[in-house]
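A quick note: this is a predicted structure, and the numbers were derived from the prediction, not measured. Each ligand, and each atom within it, is numbered from 1 in the order the structure gives. Sequential numbering from 1 along the given sequence is applied to the chain's residues.
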Amino acid sequence: MKSAAFCLLLWLSANSVSSQVVSDLDFTVREEMPKGTFIGNVADSANMTAKYTPDILDTLRYSFSRTQGNSVEYLFNLDEVSGDLTSAAVIDRDVICYQKEECQVKLKVQVQPGQYFAILTVNVEIIDINDHAPAFPEDQVLRSVTESARPGNSIAVPAADDPDSPRFGIQQYALLQDGDSEYFELKSSTGLAGAENIHLKLTQSLDREVRDTYSVQIVAFDGGSPPKSGVIAVNIKVLDVNDNSPRFENATYNVVVNENVPQYKRIVQVHATDPDEGKNGEVTYRFSSKTEAAYGELFIIDGSTGEVFVVGELDYELSSTYTLTITAQDRNSDSVPGRVKLFVLDLNDNAPNIKLNT
Ligand SMILES: [Ca+2]
Ligand SMILES: [Ca+2]
Ligand SMILES: [Ca+2]
Ligand SMILES: [Ca+2]
């Protein structure tokens, strides 16, 4: 019994000591409120009136405890007499707690003079407002894709940023359903570091020779009500692949010449086109190897212009027609051959064979 009473005494004594320890004071304030916004009164919250007589209360002074070097004190003012805690600046939660779920700052407040000394822990929860729209790093970006890319191939685009807390942060991305959106599908995935990867996937093959630029808009929405949004234009340039061979404008060029056509006379210019870009569309011409072997001494072709010249003597009596086979070539493919059909006109260049009756 004696020992139980002793234990009770100990418990009471321990309890009376702990009653001097003030538990944490919890306040909340919305971000972006004007400077001077009232947040709370530390004296009231710490229940000082219940602890001390009005005479003592008048002597109490409240100040930030500098011992901890708290870096957020500059955001707050503490009235040393009343214990009113107010904001000393417009508080931007999205800077202090970028994209964080919770944003609680801790302040240590000391009560003086010495005989009433106490340290109060003040927690100020800064409430987020949806004051940021998702923002892309640029208004528009240029991307390229080769025309040989297959459906499903992806084109990376930059993600948007929204510094609000997750609930007011980016919730989804969408492809604006106009322009060229049918050619692309929007995909997003979360990377290793938690960063969002946004890409456009090709839904079909592209043909640069049909169309070489596409443009889509991607919109990022946040979780606000109504949601805020940001947009980026993605311009896509289709890069050339050498996927066309040259084609002759005419399958056959018919040419008629007199048999006494002068040497180095141009008799025809053949022309092939190639819709590819730059070097991929540059065309050169040559005789087929058979034509070269048979008629290389009679005709030459200018490889870059497609002009065909007579360089030998044509003789109707030897041959009245010539068929020249020509190939047009880009840097790595040949055309379907084109033909020059040459008809030689007879001139009366043989002395008549007159049989005289004698
Ligand atoms: Ca936001
Ligand atoms: Ca915010
Ligand atoms: Ca080509
Ligand atoms: Ca091409």
Counting heavy atoms not belonging to E249, are there more than 12 under 6.0 Å from its CD? yes

Which atom name would you report as the N, O or S atom of D222 nearest the Ca ion (ligand 1)? OD2

We want to know whether D274 and N244 form a side-chain donor-acceptor pair, criterion being a heavy-atom distance below 3.5 angstrom. no

With a 6.0 Å cut-off on the ring centroids, do Y52 and Y116 count as close? yes

Residue S333, metal the Ca ion (ligand 3), N/O/S under 3.0 Å: no

Quiz question: by atom type and distance under 3.5 Å, do the side chains of K106 and N123 form a donor-acceptor pair? yes

Cation-pi check, R211 to Y214: give yes when NZ or CZ is under 6.0 Å from the six-membered ring centre and within 45° of the ring axis, no otherwise. yes

More than 12 heavy atoms of other residues, nucleotides or ligands under 6.0 Å from CZ of R143: is that the case? yes

Do N242 and D240 touch side chain to side chain, with heavy atoms closer than 4.5 Å? no

For the Ca ion (ligand 1), which N, O or S atom of D162 is at the shortest distance? OD2

With the Ca ion (ligand 3) at the centre, find the angle made by O from N244 and OD2 from D274, to 10°. 90°

Can you name the N/O/S atom of D330 that is nearest the Ca ion (ligand 3)? OD2

Taking atom CD of E182 as the centre, report whether more than 12 heavy atoms of other residues, nucleotides or ligands fall under 6.0 Å from it. yes

Could you check whether any side-chain heavy atom of N47 comes within less than 4.5 Å of a side-chain heavy atom of T49, counting everything from C-beta outward? yes

Suppose you place the vertex at the Ca ion (ligand 3); what is the angle out to N280 O and D276 OD2, to 10°? 110°

Could you name all protein N, O or S atoms found under 3.0 Å from the Ca ion (ligand 2)? E31 OE2, D94 OD1, D94 OD2, D128 OD1, I129 O, D131 OD1, D164 OD1

